[in-house]
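Notes follow the structure.
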Amino acid sequence: MRYLPIHVETRGVTIRVFGGGKTAESKLRTLIKTEAHLEVISEDISSEIARWEELKRLTVIKKSFEVSDIAGARLVYAASEDDVLNAQIADLAREQGILANAADQKSACDFITPALVDRSPVLVSIGTEGTTPGLARALKADLEKRLPSDLGKLALLTKKLRAKVKMHLPVLSDRQTFWANIFGGKELSNQLRKDPKTFTEAVENALLNQKEVKAGQVTLVGAGPGNPDLLTFAAQQALHSADVIIYDRLVSQEVLELGRREAEYIYVGKTPNGPSVTQDDINALLIEKARKGLHIVRLKGGDPLIFGRADEEITVLHNADIAYRIVPGITAAAGAAAEIGVSLTTRGKNSSVTFLTGHDAKGYAEQDWKTLAKPDSRAIVYMGVGASRFIQGRLLIHGASADTSVTVVENATRPEQKVVSTKLSALADDMTKADIKGPAVLMLGYSANRAEITQIIKAVS
Ligand code: SAH
């Protein structure tokens with residue numbers, strides 16, 4: 001993010017606009033909605049600007065530009081029809097410590113004005129840092145359609161209702177959860193279209209029911225393999241209403257960024273060679289936070305119910321009588337299979353697929369190698385990077401064909417995804433050559449179909 005979006009106070013502030021033609025007019029169209037004292041400095045002004053002057057929305061000073069015109073303004077818009085002059089005015093303003101915008105010259109601007117969807121006091125600003133104004137306009141048009149025209153009124157009504165909600169719910173995080181529930185559902189657009197009376201009733205009813213839902217709760221959420229587009233709707237909703245987000249190492253940054261900004265974020269992943277939080281600590285943390293009446297989102301990579309120790313957390317919550325809910329996620333195997341364009345099961349070939357772990361609590365995990373070594377057997381190995389040579393050896397000893405296709409997908413669905421296509425005989429060596437560090441799944445019995453779309457490293461066996 002190169003440009004920081006901020007909303008600047010305009011009450012009691014002077015904004016000076018240099019120029020009186022079409023360019024100035026387009027800037028003024030937004031500026032006249034503010035409470036700033038607007039001064040337009042130009043020898044000539046358009047009829048529209050003259051009309052605004054008549055309406056007392058701005059003051060016109062008919063004169064040509066002089067350096068002394070800049071001082072005292074909070075913001076300067078250099079918006080004459082002369083680009084060279086505009087850049088000069090912006091430079092002079094900057095020298096005096098005043099933020100300047102030179103029309104249509106991004107390099108001469110201290111700030112740029114976003115496309116706006118104006119439902120004052122609700123404002124949605126859309127910026128593309130000047131890269132693609134066309135997209136900004138399309139997004140604006142889309143939001144214009146979706147946001148009801150009297151959204152501003154609803155915001156003002158909510159402002160009034162907040163006092164009442166505060167009386168019932170003195171704790172800030174309780175109020176935040178309350179409003180997240182009012183606005184956070186999939187019914188948002190219906191909610192926003194309610195008339196003031198119905199909306200007030202909805203808020204009052206929710207307040208009455210508040211006591212019952214006040215007890216803390218834990219939502220175990222599957223964060224998927226990394227690409228945030230693969231999150232479920234339920235996962236997004238949970239993230240939006242969380243007071244606390246407790247997350248693992250494999251949860252991607254992009255997914256975390258969808259969480260509520262005010263939430264408390266607690267990392268409980270294992271850092272290689274660094275301190276790690278034990279499962280007992282995590283269990284204790286869940287209970288401690290839930291007993292405070294908070295909504296905790298326990299965010300795990302992939303699906304929480306596959307190699308995620310969810311059962312241990314569920315048992316603890318169950319025993320402590322804390323309400324919990326589970327939101328499934330897309331497991332790494334499913335994400336990886338989709339990326340390489342293969343079906344996990346194929347009619348007439350494999351009537352089952354095994355998800356197995358390369359590691360268990362004791363070290364390399366023993367499996368039913370005899371079954372896995374059979375010709376049409378297919379399996380997905382999780383946590384198998386370190387164990388790849390062990391798995392390869394066990395399968396070969398038990399009679400698996402050295403030619404069995406294996407596809408290794410590292411960082412499936414993430415921008416840094418890497419795919420290695422190999423055979424069982426060369427599995428461990430090819431993984432080393434390709435510098436696979438994980439997270440990766442070893443897909444035994446699968447060869448990639450969509451080789452062209454991912455970075456594939458072909459086995460050289
Ligand atoms: N609950 C998770 C699995 C946790 S075990 C799920 O359902 O996916 C951790 C293992 O998951 C990693 O060692 C790796 O084998 C696999 N994994 C997780 N994310 C992955 C990704 N983006 N790409 C490939 N493998 C991944």
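Start at 1 and go down the list; that is how both ligands and their atoms are numbered. Note that this is a predicted model, so its numbers are computed, not measured. The first residue in the sequence is number 1, and the count goes up from there.
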So is there a nitrogen or oxygen of [X] less than 3.5 Å from a nitrogen or oxygen in ligand 1?
| X | answer |
| --- | --- |
| Gly308 | no |
| Gly301 | yes |
| Ile306 | yes |
| Asp303 | yes |

Subject >> Tyr77 ring center within less than 6.0 Å of Phe111 ring center >> reply: yes

Original post:
What class does the angle between the rings of Tyr382 and Phe355 fall in, given that below 30° is parallel, 30 to 60° is tilted and above 60° is perpendicular?
Top reply: tilted

Original post:
Is any side-chain N of the basic residue among Asp430 and Lys423 closer than 4.0 Å to the acidic one's carboxylate O?
Top reply: no

Original post:
ligand 1 versus Asn411, non-hydrogen atoms closer than 4.0 Å: side chain, backbone, both, neither?
Top reply: backbone

Subject >> Contact partition for Thr413 relative to ligand 1, non-hydrogen atoms under 4.0 Å >> reply: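 Answer for Thr413: neither.
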
Original post:
Of the non-hydrogen atoms in Ile126 and Pro114, which two are nearest, and what is the gap between them?
Top reply: O-CB, 3.4 Å

**OP:** Heavy-atom contacts with Thr331 under 4.0 Å: which atoms of ligand 1 show up? List them by number with element.
**Re:** 6 (C), 7 (O), 8 (O)

Original post:
With a cut-off of 6.0 Å (strictly less than), are more than 12 heavy atoms of other residues, nucleotides or ligands near CG of Asp104?
Top reply: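 Open.
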
Subject >> Identity and distance of the protein heavy atom lying nearest atom 4 (C) of ligand 1 >> reply: Phe307 O, 3.4 Å

Subject >> Identity of the nearest option to atom 24 (C) of ligand 1, non-hydrogen atoms only, from Gly226, Pro439, Gly302 >> reply: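 Of the listed residues, Pro439 has the closest heavy atom.
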
